[in-house]
*Asks:* 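Got a structure here, written out as structure tokens. Questions coming.
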Amino acid sequence: MHIAFGIACMLLGAASYVVLYQKSKDFLNPFGITVLVWLGVAGLASCQLSHLQTPWPALMYITVLLFPVTVFTLGMLTVRPAPKQRKKIAYSQPYLIFSRLMFLACFLCSVLEWAKQGFVLTLLSDAVDTKALVATIPVIHYGTVFLPFCAMASVLEWCNRASFEKLSKPYLVFSILWTVFHSLFIVSSRGTLLLLAMGTIYVVFSGKKVPFKTLVPLVLMVVVGFVLISKLRIHSMSLVFHVVEGYPLFSALYSYSALSFENLNRLVQKGPAFTLFTHSLGGFFELFGLGGLITRVPSEVTEFFNAPTLCYPFYEDLGVAGVVVFPALIYGAVALFYRKSQQKLGYTLLLAAMQKAIWVSFFGNYFTASRSDLLPYLVVFLCVMVMEHGEKMLAWKPLGVLYTKVFMNARIKKYCDVL
């Protein structure tokens with residue numbers, strides 16, 4: 001029974017993706033990607049290949065299917081064919097200055113944290129758990145978190161800027177290479193690398209006719225890279241490589257995908273706490289300093305695999321209804337940004353920032369669960385506003401006067417002009 005359901009899930013995901021592609025003419029439309037990946041991983045999880053898994057009750061099957069049905073319906077109602085390839089544009093000086101200052105701040109934050117950990121290259125360390133070597137500094141850490149979004153902005157500028165000044169390209173290359181170096185060698189963060197890789201793929205190929213034979217190998221390279229980094233970071237005797245006995249590499253992939261559904265399964269069997277919205281939208285409360293006012297219920301965990309899937313907090317808050325209500329709200333916003341991105345280049349950056357949340361819905365809620373998830377989107381949105389309306393913003397007198405006095409100063413302007 002569960003094997004048949006798994007195969008049916010995978011076929012349904014593929015069919016849904018094809019239908020949404022036919023409607024959008026976009027290989028990377030967020031609705032098709034979400035449905036394809038969710039049903040693919042759910043189908044794999046339902047095959048019960050690990051001794052750590054328990055049988056699914058009927059309600060679990062319903063919960064697993066309601067989420068992709070909701071996303072698919074929204075996609076069918078909102079997506080439209082992608083426009084023709086955009087023309088390259090002239091970036092405004094306010095945006096160029098803003099993006100350079102943002103990266104400079106993030107770069108300094110990352111160097112400060114690296115100094116705190118003694119300039120150790122964690123990927124080359126012999127430590128059993130390299131996470132223990134990574135140092136963070138309160139508040140400063142937010143700047144470090146924004147690094148991959150700066151790199152995405154650099155990729156977007158490289159692909160779409162009409163003309164470059166003397167130092168433009170060296171700056172763009174450095175910002176991208178530093179982010180990769182920091183993510184891989186300094187913090188060895190698979191999550192950050194995944195965020196950067198998925199965002200870069202979206203920026204480069206969004207709105208273009210991408211051959212399927214080009215896109216698939218790229219995604220597979222990201223998956224293989226994820227597994228290889230796991231091998232470097234985690235001891236080979238770890239349970240990560242033994243959840244499916246006899247297949248260590250497949251176990252690494254299975255443990256970080258299918259076992260998330262086991263946590264959801266345990267919640268469904270236990271029953272929701274009906275906490276209304278505190279788990280699903282906790283990021284908004286934390287953002288305004290109200291995190292202490294919300295009630296959180298301890299999550300169900302399978303051994304040390306604590307990834308909850310995107311739907312876990314939705315089910316905790318409102319039960320089965322939450323698996324429809326919260327995805328409708330979140331993907332309604334995604335639909336709005338997606339349609340705007342087809343008209344305005346800046347919103348492509350916002351969609352790129354959301355790619356990790358879209359691709360790994362089986363792993364957790366990277367949209368609204370916490371302040372650290374939500375805050376980068378707000379910063380990227382500010383970046384988009386400056387990109388799209390930077391010149392108009394200067395019409396506000398205090399901002400215009402400050403801009404003129406600082407960046408139009410003869411000695412400073414000559415440095416701004418070469419970027």
Side-chain angles (χ1 to χ4, degrees), residues 5 8-9 12-13 16 20 30-43 45-46 54-79 258 260-287 290-291 293-302 306-338 354 357-358 360-370 373-374 377:
F5 178 81
C9 255
L12 180 62
S16 300
L20 285 166
F31 304 94
I33 294 296
T34 297
V35 173
L36 175 65
V37 175
W38 174 273
L39 285 175
V41 176
S46 71
T54 56
W56 288 9
L59 189 56
M60 176 62 177
Y61 287 100
I62 294 171
T63 302
V64 164
L65 291 175
L66 273 177
F67 170 66
V69 167
T70 302
V71 174
F72 178 81
T73 303
L74 271 170
M76 291 300 293
L77 292 174
T78 59
V79 299
S260 303
F261 282 88
E262 177 58 23
N263 293 331
L264 177 61
N265 181 36
R266 295 187 182 205
L267 172 64
V268 170
Q269 293 181 39
K270 184 190 75 170
F274 289 108
T275 42
L276 300 182
F277 43 71
T278 58
H279 289 75
S280 303
L281 304 177
F284 290 100
F285 290 89
E286 293 177 0
L287 190 64
L290 303 175
L293 300 179
I294 62 178
T295 302
R296 290 188 183 273
V297 179
S299 299
E300 295 293 315
V301 177
T302 304
N306 58 2
T309 81
L310 176 60
C311 289
Y312 187 103
F314 304 158
Y315 193 92
E316 188 79 273
D317 281 344
L318 291 177
V320 174
V323 181
V324 176
V325 172
F326 290 114
L329 292 174
I330 291 172
Y331 276 83
V334 171
L336 174 64
F337 298 140
Y338 181 63
M354 294 181 174
I358 290 167
V360 296
S361 57
F362 60 85
F363 201 73
N365 177 10
Y366 291 103
F367 287 107
T368 58
S370 68
D373 294 318
L374 194 60
Y377 297 140

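What you are looking at is a predicted structure, and each value in this text was computed from that prediction instead of being measured.
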*Asks:* For Tyr315, enumerate each residue passing the ring-ring contact (aromatic ring centres under 6.0 Å, His included) test, keeping only those at least two apart in sequence or located in another chain.
*Replies:* none
*Asks:* Do Val334 and Phe367 pass the side-chain contact (heavy atoms from CB on, under 4.5 Å) test, and can you show the C-alpha distance, the side-chain angles, and the key distance before you say yes or no?
*Replies:* CA-CA 10 Å; Val334 171; Phe367 287 107; 4.1 Å; yes
*Asks:* Once side-chain hydrogen bond (donor to acceptor under 3.5 Å, both in side chains) is applied, do any residues pair with Thr275, and if so which ones, sequence neighbours excluded?
*Replies:* His279, Asp317
*Asks:* What are the two closest non-hydrogen atoms of Gly322 and Pro327, and how far apart are they?
*Replies:* O-CD, 3.2 Å
*Asks:* Suppose we screen for ring-ring contact (aromatic ring centres under 6.0 Å, His included). Which residues come up paired with Phe67, at least two apart in sequence or across chains?
*Replies:*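 Trp38.
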*Asks:* Quick one: pull up CG in Leu374 and CZ in Phe285 and give me the separation to the nearest 0.5 Å.
*Replies:* 12.0 Å
*Asks:* Measure the OG-CG distance between Ser299 and Leu264 for me, rounded to the nearest 0.5 Å.
*Replies:*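 Result: 11.0 Å between the selected atoms.
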*Asks:* Considering all heavy atoms of both residues, which atom of Val35 and which atom of Ser16 are nearest to each other, and what is their separation?
*Replies:* CG1-CB, 3.6 Å
*Asks:* Report the C-alpha distance between Asp373 and Thr368 in whole Å, list the side-chain angles of each, state the deciding distance to 0.1 Å, and finish with yes or no for side-chain contact (heavy atoms from CB on, under 4.5 Å).
*Replies:* CA-CA 6 Å; Asp373 294 318; Thr368 58; over 6 Å; no
*Asks:* Go through the steps to decide whether Glu316 and Phe274 satisfy the test side-chain contact (heavy atoms from CB on, under 4.5 Å), and finish with yes or no.
*Replies:* CA-CA 6 Å; Glu316 188 79 273; Phe274 289 108; over 6 Å; no
*Asks:* Work out which heavy atom in Asn265 is nearest to a heavy atom in Pro57; give both atom names and the distance.
*Replies:*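 Residues Asn265 and Pro57, closest heavy atoms: OD1-CD, 3.2 Å.
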*Asks:* Is any side-chain heavy atom of Leu267 closer than 4.5 Å to one of Tyr312?
*Replies:* yes
*Asks:* Give, for atom OH of Tyr366 and atom CE of Met354, the distance between the pair rounded to the nearest 0.5 Å.
*Replies:* 15.5 Å
*Asks:* Can you find a pair of side-chain heavy atoms, one from Leu59 and one from Val320, that are under 4.5 Å apart?
*Replies:*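 Yes; the side chains approach each other to less than 4.5 Å.
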*Asks:* Would you call Thr78 and Leu336 a side-chain contact if the rule is heavy atoms closer than 4.5 Å?
*Replies:* no
*Asks:* Counting distance only, does the side-chain N/O of Asn263 pair as donor-acceptor with the main-chain N or O of Thr302 below 3.5 Å?
*Replies:* yes
*Asks:* Can you give me the closest heavy-atom contact between Phe362 and Ser260, atom names plus distance?
*Replies:* O-CB, 2.9 Å
*Asks:* Would you indicate whether the side-chain heavy atoms of Ser370 and Glu286 approach each other to under 4.5 Å?
*Replies:*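 Glu286 vs Ser370: side chains touch.
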*Asks:* Would you please name every residue forming a salt bridge (charged side-chain N to carboxylate O under 4.0 Å, His left out) with Glu262, sequence neighbours left out?
*Replies:* Arg266
*Asks:* Taking C-beta and beyond as the side chain, do Trp56 and Gln269 meet within less than 4.5 Å on heavy atoms?
*Replies:*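 Not in contact.
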*Asks:* What is the minimum heavy-atom distance between Ala328 and Thr70, and which atoms define it?
*Replies:* N-CG2, 4.1 Å
*Asks:* With a 4.5 Å cut-off on side-chain heavy atoms, are Phe326 and Phe277 touching?
*Replies:* yes
*Asks:* Ring centres under 6.0 Å, that's the criterion: do Phe72 and Phe31 meet it?
*Replies:*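 Between Phe72 and Phe31, the centre distance exceeds or equals 6.0 Å.
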*Asks:* Which pairs with one or both residues in residues 325-338 pass side-chain hydrogen bond (donor to acceptor under 3.5 Å, both in side chains), sequence neighbours excluded?
*Replies:* Asp26-Tyr338, Thr34-Tyr331
*Asks:* Would you compute the distance between atom CG of Leu20 and atom CG of Leu36 and round it to the nearest 0.5 angstrom?
*Replies:*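 If I round to the nearest 0.5 Å, the distance is 10.0 Å.
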*Asks:* Work out which heavy atom in Asn365 is nearest to a heavy atom in Pro313; give both atom names and the distance.
*Replies:* CB-CG, 4.1 Å
*Asks:* Would you say the side chain of Phe363 lies within less than 4.5 Å of the side chain of Val37, judging by non-hydrogen atoms?
*Replies:*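 Not in contact.
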*Asks:* By the salt bridge (Lys or Arg N to Asp or Glu O under 4.0 Å) test, which pairs, at least two apart or in different chains, include something from residues 268-279?
*Replies:* Lys270-Glu300
*Asks:* Report the distance from atom OG of Ser280 to atom CG of Leu329, rounding to the nearest 0.5 Å.
*Replies:* 9.5 Å
